[in-house]
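Below is one structure, written out as C-alpha cells; the observations come after it.
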Amino acid sequence: AWTKHQVKGFTDADGFEKEVVRHVETSLARSLFNCDEGAAYSAAALAFRDRLITEWNKTQQRQTFSDTKRVYYLSLEFLMGRAFDNAILNLGLKDVAKEGLTELGFRIEDIIEQEHDAALGNGGLGRLAACFLDSLASLDYPAWGYGLRYRYGIFKQEIINGYQVEVPDYWLDFNPWEFPRHDVTVDIQFYGSVRKSQDENGKSVAHWEGGEIVTAVAYDVPIPGYATPSTNNLRLWSSKASSGEFDFQKFNNGEYESSVADQQRAETISAVLYPNDNLDRGKELRLKQQYFWVAASLHDIVRRFKKSKRQWSEFPDQVAIQLNDTHPTLAIVELQRILVDIEGLEWDAAWNIVTSTFGYTNHTVLPEALEKWPVGLFQHLLPRHLQIIYDINLFFLQSVEKKFPGDRDLLTRVSIIEESQPKMVRMAFLAIVGSHKVNGVAELHSDLIQTTIFRDFVSIFGADKFTNVTNGITPRRWLHQANPRLSELIASKAGGHDFLKDLTLLNKIEEYAGDKEFKKEWAEIKYANKVRLARYIKQTLDVTVNPAALFDVQVKRIHEYKRQQLNIFGVIHRYLTLKAMSPEERKKQQPRVSIFGGKAAPGYWMAKQIIHLINNVGAVVNKDADIGDLLKVIFLEDYNVSKAEMIIPASDLSEHISTAGTEASGTSNMKFVLNGGLIIGTCDGANIEITREIGQENIFLFGTLSEDVEELRHQHTYGSHNVDSNLTKVFEAIQNGTFGEPNDFGAMVAAVRDHGDYYLVSDDFQSYIDTQNMVDTEYRNQDEWVTKCIRSVARMGFFSSDRCINEYAEGIWNVEPLAVKN
Ligand code: 26M
C-alpha cells in the first residue's frame, strides 16, 4: 500500500512551514512581515505544487516506459474548481497543512478561500470531465485530458435590480497549478485550398495549403490521485500568433499595426469559453476553437505514438480517445486526414484505425443542443476536412444502401450532410459513424437515444455499438472535501476512509440508521452546515434565514427544461396559501427557505426572465411580516463549484424536476443525496437509478412519465389545454402586480398558457404541490427523516465516478490500470 511517506518532500508541519517561508521570500519576493492571506495561499500552493511535481514526473515516465494503452479524454470543458484543498486531501496532508498554517497565524479555511475557481466549463458536462480526471488518477489509469486554456472562464454572475449581469472571469493572474510548455507547440492551419496531385505510384494525394497559421502552446496541469502517487496530466492549449516568416516580413515592411492585429486574432481563439449550456449557436470562432484544440491534441497523440516505432495498425492498441459530446468530433476527420494525406495509408486501413480508436458520449437529446455546422463554413475554414467528411458520408451511405436496398428515406435521414438550406454537417451522426461505441449517461437517456434521435443507427450498426454508462461523481471532492465532518462520521463507522476509494463500503453505515447517538451526530452536522450557509446568506444578501427551517435547494444552470419556473410558481402558490391562512393556522406550517442559484446563458432571454421573477418574489416574500420565517426566497449569486461545495452539504431537500426525458442524467442529484439530503424529482435521468438504489420510500417522485410526454404535447397543440387551477391563481397574482411589473413576466405566463406549455409545467403542477406538501409532513418527523437520509447515503455507492470510469475502461477503452510498483 502506498503511504505519503514514500514520496519526496516535507511530511510534517515543520517541513511545510519552512517551504512556505521559502516561497514567500523567494518565489514571491516578499517579506514574512508583509504576508497577507493572498500571499500565504500563493506560497502554500507553491509548496504543495513542488510535492506534486516529483510524482507527476514519475507517473509520466512510468506510463512512457511501460508502453501500455493510454486514454485521452477530449473535452472543451473542465470545470475543475479549486485545486489546493483537493491536492492536500489527495496527498493525505491536510492535517499537516492545517497545523503549519495555524502556526504561521492563518486559518486554513481562509487560505483555501483565496483561490480563484478554475471555471473552464458551463455545468454538468464540464464538471463530469473534472470528476473523471480525479477518478482516472485515483484508479491509476494512464490517462490524459486535453482541453483549451481559456483566458476567460464562464462569466461571473452579478444580480443587479433582480437581473443577471455578466462580468468577465479573468482567472490567470496567478495560477500555480499550470506549467507552460513553451517547447511543446503545434502550428495549426486554417482556410486555404486543397491541391490534388499524383504520387510516384500514380495514387492521388491531397495537399491542403495556404491560409492562416496559429500556434498552439501546451500548458500542463497536474491531476493528483487520491491515496496513490499516480499524478496524471491535463494538457490545455493556448493560442498565439505563429512566429513564422510571414510575421517577420510584415515587421520588415513596416506593417506593425497589422502584425499586432494578427497576433490578437490568433489569441482570440482560446480567449473565451462559450457560455452556452445545452444550446448551440453555430459561430465561426467556436468551430475554430474546436479544430484548433482537436488538431493540436491529435498531433500530440500521434507524435507520442510515433516514438514507439509501431505499425499504424497498432494505434488502437495504444490509444483510446473519448469524445465528450460532439464538440471534438473533428478529431475523427483529422485522424483520417493525418493517416491518409500525411502518412499515406489506404482509406480503408485508415478508417479501421480511426473507428477503433474513438468512443463518443452523448449528453443531451435536446434538439437545440445538437451541433450542426453549415457546409459553406466548413468549405471556407477547413476545405480538406469537408472533402473527407463527404467521402466518409459516401462510403457510409453506400454501406447503408447495401444493407437496406432502395430505402431513400433512410438515406436522407441518416446522411451526415443534412440537405437543408443551407446544407449542414450533422456532428452527432459523424461522431457515431466514426466511433466504435456510443454511450448515453444514464439508463433512461441511453434508451431514449437508441429509440429516438439515433434509432436508425441502431438498425444500421446493431445494438452492440450503443451502450450506457451512468454518470458518477468523485466522493473525494463531493463528500470528503465538501463535507469533512460527515466524511469523518462515516469513517468512524465504516472502518476508516476506505469508502473514499470503494464507495460501496458506505453500506456499512446502514446498520446505524436507527442508532440514536449516530443520528444525533448526523443531524448536528447537517445543522452546522446549514448555519454556515445561513451566515453566508446574511453576509451576501442581508437576509436572515432560520437554520431550523427546511432548506429547499435548486442550483443548476437556468433552463426552461430544468423548470426553475415550476419551482418558483410553486413558491408563489405556497406564499398565497400562507397569506390566506389565519395566524393560528400559519403557526402549524413547516418553515422553509427556498434557495435558487445558477447562471443563464447570456443570450437566453427566457432564462433571464426566470431569474428576474425569482428575485422579485424574494423581494416581496422576504419582507412580508405575515410570513416571517415561514418562507424565505433566496437567489444566490454566481453559483459555481466552490459555492456548490458549501451549498450542497446544507440542503435538506433538493429539486431535480426537469420535464421527463429531457435531463440526460444530472449529477448534482447524486451530490445532494451523498451529503444527506433528500430529493424531490421527476422520473428523469439518473433520478430513476437513484430511486432504484436508495428505495422509493426515500425519494419524493412526482409528475409525468417520459413515455407520456409526446402525447401530452400533442394534446396541448392540437386538442384542448386547460391550465391547472392553482397555477391559474399564481398567474393572476403575477398579473395583478404582486411581484412587480406584470409585463416583465408576460412571456413566462404565456409560454404555459398560450404557447403549448412545451415543458408540461401545468400538467405537473398539482402533483408537484401535493408532493411538496408530503415533504413538509415528513420533515416534521425529524427522527424518521434522518433515518431516511442515512439509509440513502448508505446505498449511494453505485454513483461514484470510480465505478463509472471502470465501466468505460472495460467496456469502451479496453485499458487497464498501471499499478505502481514500490
Ligand atoms: C454548444 C455550443 C456552443 C457552446 C456550448 C455548447 C454546449 C455546451 C455544453 C452544448 C452542450 C453542452 O452540454 C450539454 C450538457 O451539459 N449536458 C449535460 O451533461 C451532464 C453530464 O453528462 C448531464 O448530467 C446533464 O443531464 C446534461 O444536461
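We count ligands from 1, going down the list as the structure has it; atoms in each ligand are counted the same way.
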Is there at least one pair of N or O atoms, one from K562 and one from ligand 1, spaced under 3.5 Å apart? no
Quick one: does G685 get within less than 4.0 Å of ligand 1, heavy atoms only? no
Tell me the protein heavy atom at minimum distance from atom 12 (C) of ligand 1, and give that distance in Å. N278 N, 3.5 Å
Taking the six-membered ring of F466, is NZ or CZ of K437 closer than 6.0 Å to its centre and within 45° of its axis? no
Which of these, G124, A369, S665, has its nearest heavy atom closest to atom 20 (C) of ligand 1? G124
For G666, the ligand 1 atoms whose distance to one of its heavy atoms is below 4.0 Å: 23 (C), 24 (O), 25 (C), 26 (O)
Please could you name the atoms of ligand 1 that D277 approaches to less than 4.0 Å, counting only its heavy atoms? 16 (O)
Are K288 and F190 in a cation-pi setup, meaning NZ or CZ lies under 6.0 angstrom from the ring centre and within 45 degrees of the ring axis? yes
How does V441 reach ligand 1, by side chain, by backbone, by both or by neither, if only non-hydrogen atoms under 4.0 Å count? side chain
Relative to Y758, does R713 satisfy both conditions: NZ or CZ under 6.0 angstrom from the six-membered ring centre, and within 45 degrees of the ring's axis? yes
Nearest heavy atom to atom 17 (N) of ligand 1 wins, so pick from R127, H363, Q289, R557. H363
At the 4.0 Å heavy-atom cut-off, does L76 count as touching ligand 1? no
For I449 and V458, run side-chain contact (heavy atoms from CB on, under 4.5 Å): C-alpha distance rounded to whole Å, both residues' side-chain angles, the deciding distance at 0.1 Å, then the answer. CA-CA 10 Å; I449 61 178; V458 175; over 6 Å; no
Going by heavy atoms in the side chains, are K283 and L377 under 4.5 Å from each other? no
Hey, does the side chain of N468 reach the backbone of S446 with a donor-acceptor pair shorter than 3.5 angstrom? no
Check each atom of ligand 1 against the heavy atoms of A664 and keep those under 4.0 Å away; list them by number with element. 26 (O)
More than 12 heavy atoms from other groups under 6.0 Å of CD on Q696: no
Cation-pi, Y219 ring and R235 (6.0 angstrom, 45 degrees): no
Is L279 touching ligand 1 with its side chain, its backbone, both, or neither, if touching means heavy atoms under 4.0 Å apart? backbone
Heavy atoms only: which of E368, E663, H445, R286 is nearest to atom 3 (C) of ligand 1? R286
Check whether any heavy atom of E371 sits under 4.0 Å from an atom of ligand 1. no
Taking the inter-plane angle between the rings of H480 and Y226 on a 0 to 90° scale, is it parallel (under 30°), tilted (30 to 60°) or perpendicular (over 60°)? perpendicular
Test of understanding: with salt bridge (Lys or Arg N to Asp or Glu O under 4.0 Å), list the residues that count as partners of E166, not counting sequence neighbours. K608
If the cut-off is 4.0 Å to any non-hydrogen atom of Y274, which atoms of ligand 1 fall inside it? 4 (C)
Protein heavy atom at shortest distance from atom 16 (O) of ligand 1: L125 CB, 3.3 Å
Note: ligand 1 atoms sitting under 4.0 Å from heavy atoms of Y561 are 28 (O)
Applying a strict 4.0 Å limit to heavy atoms, is N471 in contact with ligand 1? yes
Protein contact of atom 2 (C) of ligand 1 - nearest heavy atom, named by residue and atom, plus distance: D280 OD1, 3.2 Å
Cationic N near anionic O, under 4.0 Å, E693 to R795: no
Checking side-chain polar atoms at under 3.5 Å, does N471 have a donor or acceptor matched by the opposite partner on T667? no
Suppose I only count heavy atoms of E77 and a 4.0 Å limit; which atoms of ligand 1 are within that range? 8 (C), 9 (C)
Can you name the atoms of ligand 1, numbered from 1 with element, that are less than 4.0 Å from a heavy atom of N276? 4 (C), 5 (C), 6 (C), 7 (C), 8 (C), 9 (C)
